[in-house]
Amino acid sequence: MVEEFDATTYSVDSYSGVEITNQLSDAQGDVTYLTRSDWEGTFPTHDGEVSTQVSTWGNEINGEDGVSYTYTKVASDELLAQLESFDSGSPVDASAIEVDIVYGADNGLTLIDLRGLDYDDPLWDDLLDQLTADDYYNTIALSGYGVEAIESVDKPFTIDSDTAYGLLYGGTGKYYPNAMVLAQTWNQELALEYGTMIGNEALLGGCNGWYAPSMNIHRTPFSGRNGEYYSEDAFLSGAVASNAIYGAATKGVYAYIKHFAFNDQENHRGDRDGQYSIATWLNEQAAREIYLVPFEMCMKVGDVELKYIAQDEDGNLTNATTTIRAA
């Protein structure tokens with residue numbers, strides 16, 4: 001029994017301490033969502049007009065001919081323009097950013113020099129200053145399924161392998177049962193072992209990054225990626241995925257958790273002409289309680305131990321250990 005309302009415990013993020021506020025209010029659209037605070041006033045009504053398309057979703061009979069038809073609504077010109085644009089939705093005006101970008105600095109650093117340093121160590125800025133404009137382009141624009149070599153900092157080419165059932169390449173070629181089978185075991189230890197095996201295979205085959213796990217939600221039976229996603233349950237998906245990520249990270253493999261987020265369709269995913277945006281119907285509560293939970297659980301799964309060779313000021317090499325976030 002809750003005797004007193006608690007408005008503070010969950011008002012900040014448990015990991016970062018940042019205050020939790022609405023982030024997706026502008027995505028709610030012109031839809032009235034059902035709320036316990038006004039049950040009768042917000043109870044769902046039909047939105048749109050009866051169409052000529054026969055419904056397969058169990059609508060009531062709404063046609064004069066005794067047939068059930070779907071309700072449709074024409075998208076506004078403003079919405080269509082948003083879907084066809086490249087607008088990120090960021091409130092920051094790019095033209096207002098004042099910063100001196102440094103390219104090609106001679107700071108004498110190589111990538112290996114920074115192994116083991118903290119994420120916010122200032123040497124990372126010095127290293128990035130050594131990159132040229134071409135380095136940035138090659139790293140960002142040409143980095144699918146691997147990250148290009150960067151001569152300016154002696155970074156070698158690295159392999160990123162795809163697929164949620166194993167490593168498509170850069171491993172041994174072994175595939176495992178799909179994500180749904182793993183989720184149906186409810187076995188977190190098995191999920192951890194699966195991730196560890198992915199890491200072991202990467203050590204054998206030369207893979208560095210893993211385009212997985214996939215942890216969107218089984219929103220409908222018809223989503224083209226359901227075979228990669230764990231379940232319709234946010235907590236189960238996050239529990240399995242985070243353990244798989246942790247296991248892979250113990251072997252040095254970094255996971256590209258995907259497909260962030262609300263990925264409920266295979267076309268209009270922003271990856272080709274005329275399909276620049278995705279439109280998923282949900283509100284802030286659904287986003288936080290369902291769709292973003294697995295990603296959040298992965299980001300908070302904890303740290304793994306990283307062993308490396310460190311060099312002191314005298315040039316002596318020693319074994320060293322640090323911790324890094326698993327995701």
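The residues of the chain are indexed from 1 along the displayed sequence.
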No-hydrogen, no-angle side-chain donor-acceptor test under 3.5 Å, [X] and [Y]:
{"X": "Lys251", "Y": "Thr196", "value": "no"}
{"X": "Thr21", "Y": "Gln23", "value": "yes"}
{"X": "His259", "Y": "Tyr229", "value": "yes"}
{"X": "Asp47", "Y": "Thr45", "value": "no"}
{"X": "Glu305", "Y": "Thr323", "value": "no"}
{"X": "Asp38", "Y": "Thr35", "value": "no"}
{"X": "Thr70", "Y": "Ser55", "value": "no"}

(message) I'd like to know if the side chain of Asn226 reaches the main chain of Thr220, judged simply by a donor and an acceptor atom lying under 3.5 Å from each other, with no hydrogens or angles considered.
(response)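 Here the side-chain-to-backbone pair exists.
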
Can you give each donor-acceptor pair under 3.5 Å made by side-chain atoms of residues 158-168, sequence neighbours left out, with the distance rounded to 0.1 Å?
residue : atom : partner : partner atom : Å
Asp160  : OD1  : Gly209  : N            : 3.2
Asp160  : OD1  : Tyr254  : OH           : 3.2
Asp160  : OD2  : Tyr256  : OH           : 2.8
Ser161  : OG   : Leu168  : N            : 3.0
Ser161  : OG   : Tyr169  : N            : 3.2
Ser161  : OG   : Tyr169  : O            : 2.8
Asp162  : OD1  : Lys258  : NZ           : 3.0
Tyr165  : OH   : Gly227  : O            : 3.0

(message) I want to check something: taking the side chain as every heavy atom from C-beta on, are Met215 and Cys298 in contact at a cut-off of under 4.5 Å?
(response)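 With C-beta onward as the side chain, the pair touches.
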
Can you name the closest pair of heavy atoms from [X] and [Y] and give their distance?
{"X": "Tyr246", "Y": "Asp303", "answer": "OH-O, 2.9 Å"}
{"X": "Tyr308", "Y": "Thr322", "answer": "CE2-CG2, 3.9 Å"}
{"X": "Tyr176", "Y": "Ile198", "answer": "CE1-CD1, 4.3 Å"}
{"X": "Val253", "Y": "Gly199", "answer": "CG2-CA, 3.9 Å"}
{"X": "Tyr194", "Y": "Leu182", "answer": "CD2-CD2, 3.9 Å"}
{"X": "Ala239", "Y": "Gln188", "answer": "CB-OE1, 4.1 Å"}

(request) Report the C-alpha separation of Asp135 and Lys155 in whole Å, then their side-chain angles, then the decisive distance to 0.1 Å, and conclude whether the salt bridge (charged side-chain N to carboxylate O under 4.0 Å, His left out) test is met. (result) CA-CA 11 Å; Asp135 289 336; Lys155 190 204 85 68; over 6 Å; no

(request) For Thr318, check side chain to side chain contact (heavy atoms under 4.5 Å, CB included) against everything at least two apart and list the hits. (result) Ala310

(request) Starting at NE2 of His218, measure out to OG of Ser231 and round the result to the nearest 0.5 Å. (result) 6.5 Å

(request) Establish whether Leu306 and Leu117 are linked, either directly or via other cluster members, by ILVMFWY side-chain heavy-atom contacts under 4.5 Å. (result)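 No.
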
(message) The test is side-chain contact (heavy atoms from CB on, under 4.5 Å); show your working for Val153 and Thr110 and say whether it passes.
(response) CA-CA 4 Å; Val153 294; Thr110 60; 5.5 Å; no

(message) Once you measure the plane-to-plane angle for Tyr291 and Phe262, does it fall in the parallel (<30°), tilted (30-60°) or perpendicular (>60°) bin?
(response) perpendicular

